[in-house]
Amino acid sequence: MSTAPTPAAPAGTLAPAATSQGRTARTRRTARRRARGACAALMAPFFVLLVLVFLVPVGGAVYLSFFSDDQPGLGFGPERTVFAGLRSYEAVLTDPTFLAGLGTTALYCLIYVPSMVALALLLALLLDSGAARLRRTAQLSLFLPHAVPGIIAAVIWLYLYTPGLSPVVELLGKGGISLDLLGVDTVLPSLVNIAMWSNLGYNVVLFYAALQAVPRELTEAALVDGAGPVRTALRVKVPLVRSSGVMVVMFTLIWSLQLFTEPMLLSQATPVVGGRYTPNMYIYDAAFTRNNYGLAAAASVVLLAVTVALSYGLSRWSNRDSRAGGPGEEGLG
């Protein structure tokens with residue numbers, strides 16, 4: 001029995017498969033356009049704020065740094081703004097007080113950043129291990145100082161540091177220990193202590209949240225293999241929260257370079273902390289004490305360049321170390 005031949009599609013029409021493919025392609029293009037539109041709508045507020053609160057002020061500071069206010073006629077003429085070129089940058093980079101402030105901030109970072117990261121990670125590991133009882137109460141107690149404004153925290157610690165007012169200094173004196181917490185050799189550790197008290201709980205929360213995301217199967221497998229709690233923490237948990245550690249280091253470093261409130265307040269109680277003790281205090285002094293806005297703008301741009309360079313270097317080092325394998329990937333053996 002013969003089968004009748006299938007009639008051919010009329011000329012000028014597409015086969016059903018081609019029509020379906022074209023419809024699918026149009027649907028995909030429409031979905032991509034909608035996804036891009038949604039992405040642009042969600043990211044628009046961020047970019048608007050980035051432009052308004054970062055790029056515009058930075059551009060204004062860069063522009064202002066190339067100008068200076070001069071008074072012709074031996075200082076008796078009317079003040080006028082003139083183009084100064086790189087004169088303000090030269091003055092900043094050759095000013096011993098600004099360079100000394102950078103050195104002080106660098107020493108502060110060398111003390112504060114490793115101490116903060118190590119102590120925050122240790123406390124987070126203790127909370128995650130279950131060794132600490134009343135875990136939620138401990139988290140709240142650690143985080144609560146971070147909710148205190150920085151200037152109030154500085155006032156509290158200034159009271160505890162000042163001889164004649166501080167019960168701590170008085171108690172140490174009764175024990176035969178004479179300690180000036182605002183002296184030449186102790187004022188920097190005192191500043192580190194204020195920052196540690198204020199920001200430790202915040203970083204503990206960051207590390208603890210990262211540790212909660214570590215798969216429990218890995219820690220259980222390490223325990224089955226004979227690894228103790230300390231070895232499990234160092235060889236399993238710490239490498240897996242490495243990205244959070246890099247973020248904490250970067251945030252802590254950036255905050256340290258902006259050190260201002262605490263030394264500004266302590267400068268009212270001790271001559272060791274001068275008006276230009278840190279780069280931010282130098283900028284404040286140049287702008288609002290000496291009324292040299294060009295110099296202040298140039299110092300701000302220099303500090304921004306240092307901050308960006310250090311952050312970029314830390315990111316590159318972290319990425320290169322990650323591609324190389326990073327620590328903790330050789331197993332527990």
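The shown structure was predicted, so the numbers you read here are calculated from the model rather than taken from an experiment.
Residues in residues 294-305 take part in no salt bridge (charged side-chain N to carboxylate O under 4.0 Å, His left out) pair, two or more places apart or across chains. Within the structure, side chain to side chain donor-acceptor pair (under 3.5 Å) contacts touching residues 149-164 (residues at least two apart or in different chains) are Tyr161-Asn193. Each salt bridge (charged side-chain N to carboxylate O under 4.0 Å, His left out) pair with one or both residues in residues 264-277, not counting sequence neighbours, appears once here: Arg276-Asp285. Sequence neighbours left out, the pairs with a member in residues 201-219 that pass salt bridge (charged side-chain N to carboxylate O under 4.0 Å, His left out) are Asp128-Arg216. Applying the side chain to side chain donor-acceptor pair (under 3.5 Å) test to every pair with at least one member in residues 293-312, sequence neighbours left out, gives these pairs: Tyr312-Arg316. For residues 32-59, the set of pairs meeting the ring-ring contact (aromatic ring centres under 6.0 Å, His included) definition, not counting sequence neighbours, is empty. For residues 200-245, the ring-ring contact (aromatic ring centres under 6.0 Å, His included) pairs, not counting sequence neighbours, are His146-Tyr202.
With sequence neighbours left out, Glu170 forms a salt bridge (Lys or Arg N to Asp or Glu O under 4.0 Å) with Lys174. By the side-chain contact (heavy atoms from CB on, under 4.5 Å) test, Phe67 is found to be paired with Tyr63, Thr81, Phe83, residues two or more places apart in sequence or in another chain being considered.
Hydrophobic cluster membership of Val48, counting Ile, Leu, Val, Met, Phe, Trp and Tyr whose side-chain heavy atoms lie under 4.5 Å apart directly or via other members: Leu52, Val53.
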Identify all side-chain donor-acceptor contacts of residues 32-45 below 3.5 Å with residues at least two apart in sequence or on another chain.
residue	atom	partner	partner atom	Å
Arg33	NH2	Thr30	OG1	3.3

Side-chain atoms of residues 106-124: list all donor-acceptor pairs with protein atoms under 3.5 Å, sequence neighbours left out, distances to 0.1 Å.
residue	atom	partner	partner atom	Å
Tyr112	OH	Asn199	ND2	3.3
Ser115	OG	Ile111	O	2.7

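For the 3.5 Å distance criterion, the side chains of Thr278 and Asn280 fail to qualify, holding no donor opposite an acceptor.
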